[in-house]
Amino acid sequence: MRTKISAAATAILALAVMPASRAPIPASGSQLGLANNHEVKRVIIMVADGMGLADVTAARIKKNGIGGPLLHFETLEEIGYQRSYSEKNTVTDSAAAASAWACGEKFINDEICQHGDGRPHNLSLLELAQVEGWATGLVTTQTVTNATPAAFGAHVVNRDCEAEVARQYVEVTRPDVLLGGGRTAFTQTSPDPCGMSGNFLNEATGSGYTYVANASDLNAAVAAQTRRLLGLFRGAYMTPEVIRPPSSVEPHLSQMTAAAITTLDRINDQFFVMIEGGLIDLANHVEWLDAQVAEVSAFDDAVGVVLGWIGASEERKQHTLLIVLADHETGGFAVMGTETAGIEPLGTFSGGWTFLMPPPAPGTTVVARHTGTDTMIWSQGPGSAALGRAIDNTDVYQVVRAVLR
Ligand SMILES: [Zn+2]
């Protein structure tokens with residue numbers, strides 16, 4: 001679906017002379033050459049971990065009603081989907097999937113942009129952005145050292161090496177903004193599987209990072225124009241929205257997103273940031289519909305913040321590549337209901353997962369696994385036309401690398 005063609009693109013469309021023997025090329029600004037006229041100054045990658053298309057349907061019905069408006073990310077200009085298989089499995093994990101995006105090739109499950117057999121790997125997109133002099137950031141509701149952000153900011157053969165990932169963030173890649181859960185990995189005293197432990201929180205604050213641990217301190221740090229920001233809001237992953245009390249001091253993903261973009265933009269008008277809704281996957285693993293809907297909805301709120309920021313200026317619209325995508329589907333989730341008219345009100349549905357064993361109580365046991373179903377990509381901005389089709393997850397790297405140069 002391409003709902004928003006810019007005025008410039010429409011004008012070019014009107015002037016275009018199509019050879020009569022060829023089918024018209026689907027119209028988008030980028031395909032019409034606008035990508036070449038407007039260099040990309042920002043890349044914002046937003047990851048919905050473990051979100052299948054049925055999750056989108058469920059969240060839209062619950063948030064906006066069955067005939068209601070689209071979710072924010074559904075309004076992006078280009079829509080495509082990707083194969084997600086990993087180097088040795090039909091079904092990927094988040095490590096191999098994020099590594100395919102970040103470093104441009106297939107990896108074995110559990111690997112974070114590093115091959116266990118020692119083969120060389122590419123620099124990640126975040127590292128390439130740093131080579132270009134851009135500011136960089138990683139934001140997630142998972143631990144900030146978890147597989148998805150780690151693939152952009154670290155290289156380890158085992159995703160469980162979260163202390164080593166923390167060390168590499170602080171000592172090697174040093175993203176300007178790091179926000180999420182995962183205080184434990186920054187302060188752990190027992191070695192991780194890579195043999196790493198240490199107090200990387202102290203090391204971070206001793207080397208220029210401002211550390212915050214709650215939403216009000218995050219806001220204060222942004223207001224104080226902090227230029228290197230480390231926010232760790234919980235020991236493990238952040239509290240799922242569905243069980244978060246009103247008194248919670250943890251920021252929502254949308255708040256972290258606003259803080260990250262404000263800070264990065266202040267540092268440098270050229271920046272790369274990866275923002276992850278990391279707990280959609282968790283909700284599907286435990287087959288908890290209310291949690292899944294709440295996490296997709298919170299993720300969409302964050303996309304809304306980004307779209308509002310981009311939409312506030314023509315310059316941002318022309319120079320910002322926004323990509324919203326999922327790494328894999330989790331659980332084989334489906335939206336289910338009766339087909340008999342009048343049995344239940346329109347919009348009524350239940351959630352079902354292909355992994356059929358229900359947990360004894362919502363959220364108590366991991367019973368569902370990832371699936372190998374292709375996953376969605378929504379995108380807009382220069383370069384995005386290449387993502388509005390059926391691609392491989394490694395192609396995302398090629399597209400972003402091309403616009404970073
Ligand atoms: Zn998972």
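Quick caveat, the model's predicted, so the values are computed rather than measured. Both ligands and their constituent atoms are indexed starting at 1 by order of listing.
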Does a donor on one side chain and an acceptor on the other come within less than 3.5 Å for His370 and Asn284? no
For Ala95, which residues count as a side-chain contact (heavy atoms from CB on, under 4.5 Å) partner, sequence neighbours excluded? Asp93, Ile112, Ala147, Arg159
Excluding sequence neighbours, so at least two apart, what forms salt bridge (charged side-chain N to carboxylate O under 4.0 Å, His left out) with Asp217? none
Any idea how many protein N, O or S atoms are nearer than 2.8 Å to the Zn ion (ligand 1)? 4
Among pairs that include at least one residue of residues 213-308, which meet disulfide (SG to SG under 2.5 Å), considering only residues two or more places apart or in two chains? none
Quick one about Ser94 and His328 (side-chain donor to acceptor, distance below 3.5 Å, no hydrogens or angles considered), yes or no? yes
Could you tell me whether Tyr237 atom OH has more than 12 heavy atoms of other residues or ligands within 6.0 Å of it? no
